[in-house]
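Each chain gets a letter, A, B and so on, in the order the sequences are listed, and its residues count up from 1. What's counted below: heavy atoms across the whole structure, side chains too, no hydrogens, waters or symmetry copies.
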Number of protein chains: 2
Amino acid sequence: MSADLTRNQTLVMKTLSGAEAPLSAYTILDRLRDDGLRAPLQVYRALDKLTEMGLVHRLESLNAFVACAHPNCHEQELIAFAICEACGKVEEFSDDVVKDRLDGWTRAHGFRPAKTTIEIRGNCGGCVGKA
Amino acid sequence: MSADLTRNQTLVMKTLSGAEAPLSAYTILDRLRDDGLRAPLQVYRALDKLTEMGLVHRLESLNAFVACAHPNCHEQELIAFAICEACGKVEEFSDDVVKDRLDGWTRAHGFRPAKTTIEIRGNCGGCVGKA
DNA sequence: CAAGGATGTGTAATGTCATAACATTATTGT
DNA sequence: ACAATAATGTTATGACATTACACATCCTTG
């Protein structure tokens with residue numbers, strides 16, 4: 001089903017899947033030095049492909065990347081992220097009503113959307129409790 | 001009404017207000033060399049304050065800044081941006097239904113939001129026509 | 001007025017994120 | 001096997017943002 005990944009793609013994917021929180025490209029690179037990766041581009045190229053395949057998401061407000069939470073996620077239409085600034089964990093969800101409203105706006109304005117980003121930064125339940 | 005701005009803040013604000021599209025901090029800096037600005041920090045500090053005041057918004061997916069579209073905008077609750085990748089123009093809007101839905105999700109999950117980003121990248125009406 | 005705090009400014013150095021350009025090495029389809 | 005396509009490796013560079021430190025300005029309050 002999911003197309004085969006190349007060596008570098010597999011390494012990057014495993015690193016992200018095993019992480020508790022989003023990782024920057026350079027952090028991924030650092031964790032893969034022992035596997036032979038040496039340059040940022042090797043990571044960025046893998047991330048590009050993985051993102052295209054919907055296996056990885058980029059968090060714009062963090063300049064970092066996470067593995068997709070849905071096991072066999074094939075590009076869900078619109079994904080929102082809730083990012084905890086304390087523990088770093090990210091929750092991924094989607095909402096059809098939000099999607100409809102944004103679609104409504106773009107249609108009404110003749111805007112053709114290519115990619116939509118929704119990111120909520122704050123503190124997750126667990127971390128609010130501790131505070 | 002709007003608190004007085006300092007010299008640097010005024011310069012940055014004027015630059016952004018006069019721009020057709022979002023500007024990066026370094027672009028702003030370049031345009032203000034003749035006014036005596038020399039270091040990125042002078043721009044970033046001004047941008048921080050202006051953003052706090054709600055006069056300027058940061059576009060996360062662009063790493064760039066725009067003047068707030070609403071004349072006397074005092075921190076509207078939730079703002080969405082539609083960013084044209086062809087001409088660079090940005091439209092700013094808000095939607096209470098979207099806000100309610102996202103609020104609903106965060107409340108249900110005990111998540112305390114601090115800042116929410118909604119950015120739609122694509123092509124605006126004008127540019128879709130030309131294509 | 002003087003002392004102290006808060007805020008703004010100037011500068012250099014550095015840190016962090018991302019891509020261009022080029023050469024080489026698989027992989028795949030016919 | 002051959003050509004086309006995609007992936008890789010490497011160096012250098014570009015683009016975005018912050019740390020650390022020194023100095024100046026304004027404003028308060030005793």
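For S24(A) and dC17(C), the shortest distance from a side-chain N or O to OP1 or OP2 is below 4.0 Å. For Q42(B) and dG10(C), the shortest distance from a side-chain N or O to OP1 or OP2 is below 4.0 Å. In this structure, R58(A) reaches the dA18(C) phosphate: one of its side-chain N or O atoms is under 4.0 Å from OP1 or OP2.
Taking the side chain of Y44(A) as heavy atoms from C-beta on, and the options dT9(C), dT19(C), dA12(C), the nearest nucleotide is dT19(C). Side-chain proximity of Y26(A) to the nucleotides dC17(C), dC16(D), dT11(C) is greatest for dC17(C). Among the nucleotides dT19(D), dA7(D), dA17(D), the one closest to any side-chain atom of L41(B) is dT19(D). Relative to the side chain of L37(A), the nucleotides dG9(D), dA18(C), dA7(D) differ in distance, and dG9(D) lies closest. Nearest nucleotide to the N63(B) side chain, out of dA17(D), dC17(C), dG10(C): dA17(D).
The pair D95(B)-K99(B) does not count as a salt bridge, with every side-chain nitrogen at least 4.0 angstrom from each carboxylate oxygen. With respect to the salt-bridge test (charged N to carboxylate O, under 4.0 angstrom), the residues R58(A) and E60(A) qualify. The pair R121(B)-E119(B) fails the salt-bridge criterion, with no side-chain N (NZ, NE, NH1 or NH2) lying under 4.0 Å from an Asp/Glu carboxylate O.
Counting any heavy atom pair closer than 4.0 Å across all strands shown, A25(A) reaches no nucleic acid atom. Base engagement by R45(B) is indicated by at least one non-hydrogen atom pair under 4.0 Å involving a base atom.
Spacing between atom CG of L62(B) and atom C1' of dA15(D) amounts to 13 Å, rounded to whole angstrom units. Residue L47(A) contributes atom CG, which lies 14 Å from atom P of dA7(D) at whole-angstrom precision. Going from atom CG of L29(A) over to atom C1' of dT8(D) covers 14 Å, rounded to whole Å. If you take CZ of R38(A) and C1' of dA12(D), they are 17 Å apart, rounded to a whole angstrom.
Among all heavy-atom pairs drawn from F111(B) and I83(A), the shortest one is CZ-O, 3.3 Å.
Ring pair W105(B)/F93(A) is parallel by interplanar angle, where below 30° counts as parallel and above 60° as perpendicular.
Between Q9(B) and P40(A), the residue anchored closer to the 5' end of DNA chain C is Q9(B), taking for each the nucleotide with the nearest heavy atom.
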